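Worth knowing before you read on, the calculation uses all heavy atoms, side chains too, and leaves out hydrogens, waters and symmetry mates. Keep in mind the model is a prediction, meaning the values are calculated, not measured.
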Amino acid sequence: MSEENPARPTLLSRLRPDLTPWRSSRDFRLLWGSGCVSSFGSFLTYVAVPLQIKQLTGSYLAVGAIGVVELLPLIVFGLWGGALADALDRRKLVLGAEAGLGLLSGLLLLNALLPHPMLWPIYLVAALVAALDGLQRPALDTLVPRIVAHEQLTSAFALISLYRSTSTVLGPALAGFVVAYSGPGTAYALDVLSFAASLLLLARMRAVPPPTGAVKPSVAAVMAGVRYACSRPELLGTYVVDIAAMLFAFPNAIFPFLADDLHAHWALGLMYGASAVGSLVVSATSGWAGSVHRHGRMVVLAALGWGVAMTGAGLTGSIWLVLLCLAAAGGADMVSGMGRSTMWNQSIPDELRGRLAGVELLSYSVGPQLGQVRAGGTASLVGVRGSVWLGGLACVLSVGALAAVLPKLLAYDARTDPHVAAVRATRERQADPAGAAAAS
């Protein structure tokens, strides 16, 4: 009997999420479950904090100040967290930060239960949460390449993005319902419970010791990571393209004014959630992403798509077309995220991955913060719709210019890139040291 040819992948199999990482790695399942629970819980606090500040002060400036107190701790501790992720057991670092975040939610709960809740503890906790998030995120991001097979990294990121997008769509709606009917205290209490569940899952993961050749965390170690990033134009390109896209075309801060301009006050919540819907659709149909090898082009084309979609959102006068454009922008951003994550995880040596994750944290955190300032400032000069479409156009032009001056970003190919080959060879030696020694 002749051997049957393997079945060709169907269109459905190329669109649905690849569950291979979830099936093949117990630790990935635990990490995925922990993130899913924690993400939904965190949205409760994300919505409750500004609402409580509004209740206490009635001040727009007081609510907006949350972003100011969070930015500096996120930058400083994000870089330091990257150095720690390269020097310590990443699982222990994630576990410790998760416990600290749970305790901080407990402090918000205690403050909310006071007869007269105080304002300053909310700001203090917000700054500490940003610091702990900066410490945790690089270790969290660099755990995945240690617990998932090299060729499954794109699929693993898509699965993580699936729960993140789902929580971004459903989390605020759930949080709004809880806070409206039960108050901030109930939201904080539920967040504490979510952290407890997350900790139980993380505690069951196996240890992830630091890589061979790990260096002690220091300012010099941090700078070594920054120098490595600057030495690789294709990596540098992923950072600056994402920053440019968010700087010029992240108009979320002026959505309330855009809703007024379109006479669609009822659609404000939909505007905030539309991009997450687009991200969710891409995550849920991401089976095709595993066959992509030119991830630099993937990042550039997706960033251009983001800019085009935002341009359309500013030019149209229909709320439904605005929502469609915002959803398309969210989908493009998810494609860009998959390309960036795959490039980073496939080509960065394990001993540097934590510090580079700290640099990455800055690239996708600072851009949106500055983009909010850009959007508001431009709106004051040319109006809200002008701010949106001009920002989208500036995004397209700047990304196109960056692609032209960074040819190595467009030329990147995971099949031939020497950094990818080196990382793959290192993982193979670690998985089978006896075979590697015999081959040499």
Side-chain angles (χ1 to χ4, degrees), residues 21 25 27-28 31 78-94 135-154 156-157 207-240 293 295-296 299 338-364 406 408-409 411-433 435-437 439-440:
S25 173
D27 282 344
F28 180 74
L31 184 66
L79 289 172
W80 189 249
L84 290 175
D86 283 337
L88 303 176
D89 184 320
R90 291 169 183 171
R91 175 253 189 189
K92 287 184 178 178
L93 186 56
V94 170
L135 288 176
Q136 184 191 57
R137 192 75 64 84
L140 193 61
D141 291 344
T142 55
L143 263 179
V144 177
R146 294 287 295 275
I147 61 178
V148 171
H150 187 80
E151 64 275 9
Q152 297 173 9
L153 288 173
T154 303
F157 177 78
V208 182
T212 304
V215 297
K216 292 182 178 180
S218 64
V219 174
V222 172
M223 295 310 300
V226 173
R227 286 193 298 271
Y228 177 83
C230 294
S231 72
R232 294 196 39 200
E234 71 278 18
L235 280 186
L236 193 62
T238 65
Y239 303 145
V240 295
H293 303 287
H295 300 106
V299 170
M338 288 191 292
R340 295 193 311 269
S341 177
T342 303
M343 278 186 67
W344 298 338
N345 288 321
Q346 284 188 344
S347 69
I348 297 173
D350 195 43
E351 65 272 13
L352 283 166
R353 191 171 284 128
R355 280 165 284 176
L356 269 294
V359 177
E360 294 152 18
L361 175 63
L362 300 188
S363 75
Y364 59 72
L406 291 168
K408 288 191 176 182
L409 176 62
Y412 177 88
D413 189 328
R415 295 167 295 188
T416 58
D417 185 80
H419 300 96
V420 174
V423 170
R424 183 184 293 113
T426 299
R427 292 199 63 174
E428 290 173 353
R429 286 196 301 270
Q430 292 171 342
D432 186 14
S440 63

Item to complete: For side chain to side chain contact (heavy atoms under 4.5 Å, CB included), just list the numbers for Val240 and Leu406, CA-CA rounded to whole Å, side-chain angles, deciding distance to a tenth of an Å, and then say yes or no.
Response: CA-CA 10 Å; Val240 295; Leu406 291 168; 3.9 Å; yes

Worksheet item: Under the 3.5 angstrom rule, does the side chain of Arg90 hit a backbone N or O of Thr142 as a donor-acceptor pair?
Response: yes

Worksheet item: Are any side-chain N or O atoms of Ser25 and backbone N or O atoms of Val148, one a donor and one an acceptor, separated by less than 3.5 Å?
Response: no

Worksheet item: What is the ring orientation for His419 with Tyr228, classed by angle as parallel under 30°, tilted 30 to 60°, or perpendicular over 60°?
Response: perpendicular

Worksheet item: Do the non-hydrogen side-chain atoms of Leu409 and Leu236 ever get within less than 4.5 Å of each other?
Response: no

Worksheet item: What distance separates Leu135 CG from Leu79 CG, expressed to the nearest 0.5 Å?
Response: 11.0 Å

Item to complete: State whether the side chain of Arg355 and the backbone N or O of Ala224 hold a donor-acceptor pair below 3.5 Å, judged by distance alone.
Response: no

Worksheet item: When rounded to the nearest 0.5 angstrom, what is the spacing between CD in Glu234 and CG in Asp413?
Response: 12.0 Å

Worksheet item: Is a side-chain donor or acceptor of Arg146 paired with a backbone partner of Pro210 at a separation under 3.5 angstrom?
Response: no

Discussion item. Quick one: does any side-chain atom of Thr238 pair with a main-chain N or O of Leu235 as donor and acceptor, under 3.5 Å?
Written reply: yes

Worksheet entry | Donor-acceptor contact below 3.5 Å, side chain Asp86 vs main chain Gly354 | yes

Worksheet item: Would you find a donor on one side and an acceptor on the other, under 3.5 Å apart, between the side chain of Ser347 and the backbone of Met343?
Response: yes

Item to complete: Give me the one residue out of Met338, Arg340, Gln346 that meets side-chain contact (heavy atoms from CB on, under 4.5 Å) with His295.
Response: Gln346

